[in-house]
Amino acid sequence: MAPVKRLREAVDGFNADELETMKCELFSWWDTNARDLPWRFGRTTPWGILISEVMSQQTQMSRVVDYWTSWMGAWPDAASLAEASTAEVITAWGRLGYPRRALRLQECATVVAEQYGNELPRTYDELVALPGIGDYTASAVMSFAFGERIAVIDTNVRRVLWRTFKGKESFGGATKPEERKLAQALLPQDAKESVTWNEALIELGALVCTAKNPKIDKDPWASYSRFYANGCPNMGQRRTRPRQSFKGTNRHVRGIVLNALRSLADREQPTLPRAEVEQLWNDHVQLDACIASLDEDGLIEIGPNGSVRLPV
DNA sequence: CTCCCGTTAC
DNA sequence: GTAACAGGAG
């Protein structure tokens, strides 16, 4: 099928001239509003890009910058991260959340160091096969690190495109085929432009076309948006199924245990005796279940007398 | 679909 | 108090 026809089907109601104008206005907005993040504008390696993307999964960018900077200082490439102790890596991950990402990142570093000669592979298929690297991160590395033409689809892109061109919210769950089709149809043909397009769309979703209270007066696409024109239907409605509140969940308890271990990581014997472990959480049934799951995940090691420590 | 962390902003 | 956050894996 001809590209032009595919485009028309995916974004009916928007003609080519209009889309070209929107692209220009988006790029213009990007030029003056892009945040000066340390991994942007060619200041780091592909590996540095990958680290920034993994740290940014489900985590606000403002919390990532300092962690990324010190992390890259300690382990500037895959080989150096692969050689670090797991305890060091988990400790350096600090309070970024979802510490399994740190484990996957070190596993990823080992594969890159050993199988790819310490250089990230340059194909989507090889990247997405790496530990902790899914569709979004593989696409982001292909686009932002290697400049390849590929649609990068995250929660921001889904929200911005679906709102603007379909006039509706993109609700939670996995990316739908229709959303992917739309993103691919709109992606500029020129590779360099496609990279800017991806970066700018994500930035627009993060700064302006936000989930709640979008800054319509600052949105370069405000006059084109079917969502705004329709009065932002269903905005603020739950995007995902109601979840348990964080307090008292296994995630909460696991976090408490890991935080206790991180805090004594610089001691001579960084091991928490069973007696001190039991003081971390009253419900010992839940506590032991969490300790078992942390052990299964490889985030901790259980000693002979029920003591606990970070993996060596 | 559910679980996985910790913080922010509403 | 809770949805959301540059998602990924089972």
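Note that the structure is a prediction, hence the values are computed from the model and not measured. Reminder, nothing fancy here: chain letters follow the sequence lines and each chain counts from 1.
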Distance between the C1' atoms of B:dC5 and C:dT2, in whole angstroms? 16 Å
Separation of A:Met55 atom CE from B:dC4 atom C1', in whole Å? 17 Å
Within residues 62-71 of chain A or reaching into it, pairs that qualify as side chain to side chain donor-acceptor pair (under 3.5 Å) - sequence neighbours excluded: A:Gln60-A:Arg63
Atom CD1 of A:Ile202 and atom C1' of C:dA6: how far apart are they, to the nearest Å? 5 Å
Integer angstrom distance from the C1' of B:dC4 to that of C:dA4: 15 Å
Check every strand shown and say whether A:Leu258 touches a base, only sugar-phosphate, or nothing at a heavy-atom separation below 4.0 Å. nothing
Contact list for DNA chain C against residues 136-144 of chain A - heavy-atom distance below 4.0 Å: A:Tyr136, A:Thr137
Are any of A:Thr155's side-chain N or O atoms less than 4.0 Å away from OP1 or OP2 of C:dC5? yes
With a 4.0 Å heavy-atom cut-off, tell me which residues in residues 26-41 of chain A come close to DNA chain C, sorted by residue number. A:Leu37, A:Trp39, A:Arg40
Round to a whole Å and report the spacing from NZ of A:Lys212 to P of C:dA4. 6 Å
Between A:Pro311 and A:Leu299, which heavy-atom pair has the shortest distance, and what is it? CD-O, 3.1 Å
Please work out if A:Gly97 contacts a base, only the sugar-phosphate, or nothing of the nucleic acid, heavy-atom cut-off 4.0 Å. base
If the P atom of B:dC3 is compared with that of C:dA3, how far apart are they to the nearest Å? 15 Å
Determine: side-chain N/O of A:Arg262 to OP1/OP2 of B:dC5, distance under 4.0 Å, yes or no. no
Could you please name the option among B:dC5, B:dC10, C:dA6 that lies closest to any side-chain atom of A:Arg100? B:dC5
Does any pair with a residue in residues 82-102 of chain A pass salt bridge (charged side-chain N to carboxylate O under 4.0 Å, His left out), and if so which ones, sequence neighbours excluded? A:Arg100-A:Asp297
Residues pairing under salt bridge (charged side-chain N to carboxylate O under 4.0 Å, His left out) where one sits in residues 29-41 of chain A, two or more places apart or in two chains, turn out to be A:Arg35-A:Glu203, A:Asp36-A:Arg43, A:Arg40-A:Glu203
Pairwise P distance, B:dT7 and C:dG8 [rounded to whole Å]: 22 Å
Does anything in residues 61-73 of chain A come within less than 4.0 Å of DNA chain C? Heavy atoms only, and list the residues if so. A:Met61
Once ring pair (Phe, Tyr, Trp, His ring centres under 6.0 Å) is applied, what residue pairs with a partner in residues 293-312 of chain A remain, sequence neighbours excluded? none
So A:His252 and A:Phe246, would you call those rings parallel, tilted or perpendicular, with 30° and 60° as cut-offs? tilted
Side chain to side chain contact (heavy atoms under 4.5 Å, CB included) between A:Arg159 and A:Asn156: does it pass, once the steps are laid out? CA-CA 5 Å; A:Arg159 182 175 59 249; A:Asn156 292 300; 2.8 Å; yes
Taking salt bridge (charged side-chain N to carboxylate O under 4.0 Å, His left out) as the cut-off, I'd like each qualifying pair that reaches into residues 124-136 of chain A, sequence neighbours left out, listed once. A:Asp135-A:Arg180
Counting side-chain heavy atoms from C-beta on, which of C:dG8, C:dA6, B:dG6 comes nearest to A:Gln57? C:dG8
How close do A:Arg226 and A:Phe165 get, counting heavy atoms only, and between which atoms? NH1-O, 3.1 Å
Quick one: A:Trp93 CH2 to B:dC4 P, roughly how many Å, whole number? 17 Å
Is the shortest side-chain N/O distance from A:Arg159 to OP1 or OP2 of C:dC5 below 4.0 Å? yes
Between A:Arg254 and A:Ala174, which has a closest nucleotide on DNA chain B that is more 5'? A:Ala174
Taking CG from A:Asn259 and C1' from B:dC5, how many angstroms apart are they, rounded to a whole number? 11 Å
So A:Asp135, base contact, sugar-phosphate only, or nothing? Heavy-atom distance under 4.0 Å. sugar-phosphate
Partner set under side-chain contact (heavy atoms from CB on, under 4.5 Å) for A:Arg309, not counting sequence neighbours: A:Thr271, A:Glu301, A:Val312
Any pair counted as side chain to side chain donor-acceptor pair (under 3.5 Å), so long as it reaches residues 205-222 of chain A, sequence neighbours left out: A:Asp219-A:Tyr228
Using the side-chain heavy atoms of A:Arg95, tell me which of these nucleotides is nearest: B:dC4, B:dC10, B:dG6. B:dG6
Respond yes when some side-chain nitrogen or oxygen of A:Arg101 is under 4.0 Å from OP1 or OP2 of C:dG7, and no when none is. no
Looking at residues at least two apart in the chain, or sitting in another chain, which of them share a side-chain contact (heavy atoms from CB on, under 4.5 Å) with A:Ser223? none
In whole Å, what is the span from the CD1 atom of A:Ile153 to the P atom of C:dG8? 12 Å
Using whole Å, what does the distance between atom P of nucleotide B:dG6 and atom NZ of A:Lys247 come to? 14 Å
What residues, two or more places apart in sequence or in another chain, satisfy salt bridge (Lys or Arg N to Asp or Glu O under 4.0 Å) together with A:Asp190? none
State whether A:Gln58 places a side-chain N or O below 4.0 Å from either non-bridging phosphate oxygen (OP1 or OP2) of C:dG7. yes
Atom-pair distance (CZ on A:Arg251; C1' on B:dT2), nearest Å: 10 Å
